[in-house]
Protein chains: 2
Amino acid sequence: MRIGQLAQLVGVETQTIRFYEQQGLLPPPDRQDNGYRVYTEKHGEWLAFIRRCRILGLSLAEIHELQSYQDDPHQPCTAVNALLDDHISHVRSQITALQALEKQLVSLRASCNDDREVEACGVLAGISEGNMHQQ
Amino acid sequence: MRIGQLAQLVGVETQTIRFYEQQGLLPPPDRQDNGYRVYTEKHGEWLAFIRRCRILGLSLAEIHELQSYQDDPHQPCTAVNALLDDHISHVRSQITALQALEKQLVSLRASCNDDREVEACGVLAGISEGNMHQQ
DNA sequence: ATTGACCTTATAGTAGCTTTATAGTTTTAA
DNA sequence: TTAAAACTATAAAGCTACTATAAGGTCAAT
């Protein structure tokens, strides 16, 4: 299987595959005589694992960490679960921050109707005055 | 006022100030004979405006846009409000996406207690199987 | 023979800074 | 007075996770 087929199979771009290889996330495949990469089905599974981790918002470093656990399959999996717990709490704090931000933005927006000149715009005034008791 | 004092006043690093100047967000100040930048109070206000916009999650490009409106104070402020509306809807869609992600992560996490070997870890199995019916 | 689709590597660009390197200037302490 | 500490300057690289571009080699079909 060449790189284009693998890319289509998993739904990524070929450059992304080369990038993962370069980053040490995907093992380097064998090469044909002409230098073309030849992938196995196992590569497809590895790549799909990486993509699903990315969809879950894990960083490449975190994926690397998960892979290192997989290399040692008889260890207890507490570290895996801890990684996920950390990620969940990270996502939750992002949500909280964004919700606070939304509130702030909506209240700022409410300070202006559209029928003013820039000079008198409530939004710009709100930002400039800086009564942003955030955090 | 030199760059260090301005930085302390507004609560940013000196490099950030130089960066904003380079990006055209902060007007270049006068220089002393030795080349040191000399800032006015007005620079402090401009910089504070930029920082508050950043805290609100606006991109440098959006800040640039707001500044261009401020340069033309007798235009109607509809564009300012539209920019904020766009940003609010952007923030809202981020929140929605993160909430869906959190759900997915929590359910994945529930598939494993800590008392297993990596080989049998429910979390890793969940990612590998890829029954992630997302989006 | 040449077009088109595919593959290769290397390099630069994205956002918003932060870090590092190297060097000159000013202030302060001994 | 001098030497160190603290400040300033510029330029360039690093960060994340790719994406895009350039310049070229390979292969099948026409």
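On a predicted model such as this, the values are computed, not experimentally measured, just so you know. Values below: all heavy atoms of this structure, side chains included; hydrogens, waters and symmetry mates excluded.
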Whole angstrom value for the distance that separates [atom2] of [N] from [atom1] of [X]:
X: H90(B); N: dA15(C); atom1: NE2; atom2: C1'; result: 13 Å
X: L26(B); N: dG16(C); atom1: CG; atom2: P; result: 16 Å
X: Q23(B); N: dC17(C); atom1: CD; atom2: C1'; result: 9 Å
X: L58(B); N: dA15(C); atom1: CG; atom2: C1'; result: 14 Å
X: R51(B); N: dG16(C); atom1: CZ; atom2: P; result: 11 Å
X: Q22(A); N: dA10(C); atom1: CD; atom2: P; result: 9 Å
X: F19(B); N: dA15(C); atom1: CZ; atom2: C1'; result: 7 Å
X: E13(B); N: dG16(C); atom1: CD; atom2: P; result: 17 Å

S68(B) side chain to E65(B) backbone, donor-acceptor under 3.5 Å:
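Present.
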When you match Q32(A) and Q15(A) each to their closest nucleotide on DNA chain D, which lands nearer the 5' end?
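Looking at the nearest nucleotide for each, Q15(A) comes out on the 5' side.
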Could you write out each protein N or O paired with an N or O of nucleotides 3-7 of chain C at a distance under 3.5 Å?
unit_1: dC7(C); atom_1: OP1; unit_2: G4(A); atom_2: N; d: 2.8

When clusters are formed by joining ILVMFWY residues with side-chain heavy atoms under 4.5 Å apart, either directly or through shared neighbours, do [X] and [Y] land in the same one?
X: L9(A); Y: L26(A); value: yes
X: V12(A); Y: Y36(A); value: no
X: V10(A); Y: M1(A); value: yes

Under 3.5 Å, is there a donor on one side chain and an acceptor on the other for Y20(A) and R54(A)?
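Distance-only check fails for Y20(A) and R54(A).
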salt_bridge([X], [Y]) N-O dist < 4.0 Å:
X: R18(A); Y: E21(A); value: no
X: D86(A); Y: R92(A); value: no
X: R2(B); Y: D30(B); value: no

Quick one: bend of the helix from dA1(C)-dT30(D) to dA30(C)-dT1(D) from 5 pairs per end, to 10°?
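Here the helix ends are tilted 30° relative to one another.
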For R37(A) and R31(A), run side-chain contact (heavy atoms from CB on, under 4.5 Å): C-alpha distance rounded to whole Å, both residues' side-chain angles, the deciding distance at 0.1 Å, then the answer.
CA-CA 5 Å; R37(A) 291 172 175 83; R31(A) 300 283 184 131; 3.2 Å; yes
Shoot me the first and last contacting nucleotide of DNA chain D against chain B, ordered 5' to 3', at under 4.0 angstrom to non-hydrogen atoms.
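Footprint of chain B along DNA chain D, 5' to 3': dC7(D) to dT10(D).
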On DNA chain C, nearest-nucleotide positions of N34(B) versus L60(B): which is more 5'?
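Looking at DNA chain C, the more 5' nearest nucleotide goes with L60(B).
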Starting at OG1 of T16(A), measure out to CG of L25(A) and round the result to the nearest 0.5 Å.
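With rounding to 0.5 Å, OG1 (T16(A)) is 12.0 Å from CG (L25(A)).
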Working to the nearest 0.5 angstrom, can you tell me the gap between I88(A) CD1 and S93(A) OG?
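Nearest 0.5 Å value for the CD1-OG distance: 12.0 Å.
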Report the nucleotide, chosen from dT18(C), dC17(C), dT9(C), that has the shortest atom-to-atom distance to any side-chain atom of R31(A).
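Closest nucleotide among those given: dT9(C).
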